[in-house]
Amino acid sequence: MSASPSSIPVPKTPVRVRIAPSPTGDPHVGTAYIALFNLAFARSHGGQFVLRIEDTDQKRSSSESEAAILKSLSWCGLQWDEGPDVGGPYGPYRQSERSDLYIAHCEQLIASARAYRCFCSAERLTEVRAAQRAAGVDWRYDGHCRNHDPAASKARADTGETHVIRLAMPTEGTTAVPDALRGAVIYDNHRVDDQILLKSDGLPTYHLANVVDDHLMEITHVIRAEEWINSTPKHMELYDAFGWEPPVFIHMPLLRNADKSKISKRKNPVSLDYYQRSGILPEAFVNFLSLLGYSMPDEREVFTFAEFVADLDLSRISLGGPVFDRVKLEHINGLYLRAMTPAQLANRAAAWLEEDGRQEAIAELVQERVPTLASWNQQIDMFHRGTVSWGEDARHLLVGCGSRKKKSVRLDAKRSRLMFEDLIAQLEALKPWQRDGIEAALRASVTKAGALIGDGFMAVRVAISGSTASPGLFESIETLGRAVTLVRLRAAVDWLRGKGHLETEIAGLEKRLAALRTSQERLIEAQSAGGRFDPREN
RNA sequence: GGCCCCAUCGUCUAGUCAGGUCCAGGACAUCGGCCUUUCACGCCGACGACGCGGGUUCAAAUCCCGCUGGGGUCACCA
C-alpha cells in the first residue's frame, strides 16, 4: 500500500465494512457510491466487505427490490464477501431474519434501565407533537412512559398490550460523535429524542438494528452518507449502553442534484438500472463515482478500481456535496469506449445488448413493424437509450392538443402535468411491473384527468417513446422497465412545467429555425446565381 | 424554526492539516481556431473561482471570529 490513510484510524482487528441497503425501491446511485468507498477501503486494508439487507420496514421492503439491488451492485463490479446470497460466518445477513437478536438485546437494555417500554398511542403522540409545535419547541418524546415502574410496564406488556421500546437518552450532558473526517461533533443530550428502538410489530428500527448488527458482525468502520450524522449520538448512546466499542465513523458527503439539494429521483435519474440501460459502462460509472468528493493524489481522473484501491486515502475526501453531473459521466464513459480496440468495442456493445435480456420481448413488440431486418435497429432504439427527444411531437404531451378528434378534450399544461404526476405516483408503487397493472394505472390516470383515453395514451406514448408511433403502449412500458419509464415521464412533467426542457426545446427550435432561414437564404442565392447562369450568354 | 455539517471557476476538483514557490493548477461544459468530404475524435486557445467582513502575521485561498449562503436532520422510513 503506497498511501496508508493518514488520518483514518485502523484498529488491530481486520477491517470489516458494510453496505446496508434497504430494499424499498430501485437500486440507487447513492448505494453504489457508498458501496464503492466501503469496498475500496476494505480492499486497501485486506479486509472484508459485507452486504447486509436492512429490511425491517415490512410495509416497504420487497424481495423484488432486494434482488434488483444485488444485481445492480454486481453490475457495478462491487462484489461483497459476505451477504444474504453468498452467506458468511456472521449471518444471517437479512435483518428480518435476526428479529430474536434485537428483542434479546432490547431486554438487556431494559434490564439496565437504558431503555423502557412505551405504551403511548399514535394519537397521543400526535397531540403532544402538536402542542410542542404550538409552544414553539422542538418535537421530542415527552417521556410520558419513561418513569413508569419497569415491573408494571412488563406486566402490561405481558398481557399483550401493544407497545414500543424507547432509548432512555440522558437528559443532561453532551455526546461527542467522533467522525474521522470532521473531528468530534458535539450534541446536547437533551436535544436528542428517546428514539424508538423496537417497533410495535416487534421489529427493530434502523438505529437499534444497525448498532447490534455492526457490533455482532464486527464492523470496524462505518462509512455511510452524511444524512446519518445527526442520528449518530443515539448510536453512540447505544454502544455505551451495551458496553461496546463503537466503530470508526466516516460520513461521506451527499450526492447532489444540479441545484445542490440531496440527489433525488425528481431531479435526476437515480436508478442504477437507468445507467446500465442507457449504455454506461460499469467501470466508467464506478470511475466517475470515485471522482465525486474524492481526488487521486496526482489528480488522475481515469483509473481502474485496482488503482483506486492502491492509492485510496479516505482523508482526501472533500466534504462539499458533489453535484452528480451526467455530462461528465458521459465524458468519462466516452473515454473508456475510445480506449478500446474496435474488436473490444464491438464485443462490449454486443454483450451490452445481450446482458439486457429483453431481446425476445422487444422482438415480439416490433415484429409487425420490421418489413426488413434493416429497420430493426430503428425500431428497437427507444428501448436502449436513457432519454428520448420528442422534437415536434412534444405538443402531444399537452393531452389532446395534437389530436384531430372532434371530441378531444384539450388539457392545458397544468392539467396534463397532473395527469403525468398521477401516473408516475401509480407506477412508482406498482407491483409487480406487468402489463395489466400498467394498463390499469394508465386508464385510471387518463380517466381521472378527464381526457379521451386515446389522447391520454398518445401523450404517454410520446413521453416514453419520443414518437407518435410506437409498439403497444402497455407492453412497451413493461419492457422499458420502471427506471427508464419513470425518468421519461418525469422529463415530460418537467417539460410541461415549463422548466428546463421547455427552455431547451425553445432554444433548440430557435437554433433550428435560424439554421433553416440561413439555408433557405443560401438556397435562394444559389438558385438565383444558377438563374443568372445562362450558357447561351456565352 | 432548533440542531448539525459544509463553503476555490457554471460543474468535478488540486492547493488548506505543516501560511510565502498560487495576481490560484487540472478536468467537464461553453466559446473561438486547427485538423477534416461531413460529423465525431484529436489538438491549440479563450472565458471563468478563493462568498463577505474583521482579526493574527512581514506575508492568508490557507489560521481565528462573525456574517452570509448552501445542505442535512428533526417518523413505530431507512
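Protein chains get the first letters and strands the later ones, always in sequence-line order, with residue 1 at the start of each.
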How many whole angstroms separate atom CD1 of A:I317 from atom P of B:A14? 11 Å

Give the nucleotide from the list B:G72, B:C41, B:A75 with an atom nearest to the side chain of A:K262. B:G72

Suppose you measure atom P in B:C65 against the same atom in B:A18; what distance do you get, rounded to whole Å? 15 Å

Whether A:R140 and A:D194 form a salt bridge (side-chain N of Lys/Arg under 4.0 Å from carboxylate O of Asp/Glu) is what I want to check. no

Suppose you measure atom P in B:C58 against the same atom in B:G19; what distance do you get, rounded to whole Å? 15 Å

Same-atom distance (C1') from B:U68 to B:G53, integer angstrom: 10 Å

Please determine, for the side chain of A:R191, which listed nucleotide (B:C76, B:C3, B:G42) has the closest atom? B:C3

What integer distance in Å separates A:R256:CZ from B:G72:P? 7 Å

Map A:I186 and A:S231 onto RNA chain B by nearest heavy atom, then report which one ends up closer to the 5' terminus. A:I186

Let's test this: given Watson-Crick or G-U wobble pairing with both distances under 3.5 Å, identify the partner of B:A14. none

Roughly, in whole Å, what's the span from CG in A:L335 to P in B:A27? 12 Å

Do we see a donor-acceptor contact under 3.5 Å between the side chains of A:T174 and A:D188? no

Name the nucleic acid region contacted by A:P204, choosing base, sugar-phosphate or nothing; use a 4.0 angstrom heavy-atom cut-off, strictly under. sugar-phosphate

How many Å lie between CG on A:D193 and P on B:C74, as a whole number? 10 Å

Strictly by Watson-Crick or wobble contacts shorter than 3.5 Å, is anything paired with B:U57, and which nucleotide is it? none

A:E330 CD to B:C41 C1', straight-line distance once rounded to whole Å: 16 Å

If B:C23 has a Watson-Crick or G-U wobble mate with both distances under 3.5 Å, name it; if not, just say none. none

Span that lies between the P atom of B:A29 and that of B:G71, in whole angstrom: 27 Å

When we call it a touch if two heavy atoms are under 4.0 Å apart, what does A:Y187 touch: a base, just sugar-phosphate, or nothing? sugar-phosphate

When you check the side-chain N and O atoms of A:R156 and A:H163, is any donor under 3.5 Å from an acceptor? no

Nearest to the A:E227 side chain among B:C28, B:C77, B:U73, which nucleotide is it? B:U73

So which nucleotide from B:G70, B:U73, B:C4 ends up closest to the side chain of A:I229? B:C4

Spacing of the C1' atoms in B:A27 and B:A49 (rounded, Å): 15 Å

Where the side chain of A:H331 is defined as all heavy atoms beyond and including C-beta, which of B:A78, B:C4, B:A27 is the nearest nucleotide? B:A27

If we check side chain to side chain contact (heavy atoms under 4.5 Å, CB included) with A:F303, which of these qualifies: A:L291, A:D311, A:V309? A:L291

At under 4.0 Å between heavy atoms, what does A:R129 touch on the DNA or RNA strands: base, sugar-phosphate, or nothing? sugar-phosphate

Under 4.0 Å from OP1 or OP2 of B:A78: is there any side-chain N or O of A:W228 that close? no

Base partner of B:C31, which must satisfy Watson-Crick or wobble distances under 3.5 Å: B:G45

From NZ of A:K234 over to P of B:C3, roughly how many Å is that when rounded to an integer? 17 Å

Along nucleotides 6-13 of chain B, 5' to 3', which nucleotides get a B, which get an S, and which get a -, given that the test is a protein heavy-atom distance under 4.0 Å? S----SBS

Between the side chains of A:R256 and A:S261, does any donor sit under 3.5 Å from an acceptor? no

Would you mind telling me which of B:G2, B:C5, B:G72 lies closest to the side-chain atoms of A:L254? B:G72

How is A:T24 classified with respect to the nucleic acid when contacts are heavy atoms under 4.0 Å: base, sugar-phosphate, or nothing? nothing

Restricting to non-hydrogen atoms, name the atom on A:I380 and the atom on A:H384 that form the minimum distance, rounded to 0.1 Å. O-CD2, 3.3 Å

Of all the nucleotides listed (B:C76, B:C28, B:A78), which has the minimum atom distance to the side chain of A:V164? B:C76

From the set B:G1, B:G42, B:C28, return the single nucleotide nearest to any side-chain atom of A:D138. B:G1

When the P atoms of B:A7 and B:U16 are considered, how many whole Å apart are they? 14 Å

On RNA chain B, check which nucleotide each of A:Q195 and A:A20 is closest to and give me the residue with the more 5' one. A:Q195

Between A:S318 and A:Y294, does the side chain to side chain contact (heavy atoms under 4.5 Å, CB included) criterion hold? Intermediate values first, please. CA-CA 6 Å; A:S318 60; A:Y294 188 75; over 6 Å; no

Roughly how many Å apart are B:U8 and B:C3, using the P atom of each and rounding to a whole number? 24 Å

Please determine whether a side-chain nitrogen of the Lys or Arg among A:D142 and A:R124 lies less than 4.0 Å from a carboxylate oxygen of the Asp or Glu. yes

Complement of B:G2, any strand, by Watson-Crick or G-U distances under 3.5 angstrom: B:U73

Here the distance between atom P of B:A14 and atom CG of A:D313, to the nearest Å, is 12 Å

In whole Å, measure the gap between the C1' atoms of B:C43 and B:A59 for me. 41 Å

side-chain N/O A:R140 vs B:C3 OP1/OP2, d < 4.0 Å: no

Under-4.0 Å salt bridge between A:D26 and A:K265: no

Using a strict threshold of under 4.0 Å (side-chain N to carboxylate O), is an ion pair present between A:R18 and A:E82? no

With a 4.5 Å heavy-atom cut-off, do A:I229 and A:Y187 have their side chains touching? yes

Distance check needed: B:C76 P versus A:E123 CD, whole Å only. 13 Å

Nucleotide opposite B:C52 in a Watson-Crick or G-U pair, distances under 3.5 Å: B:G66

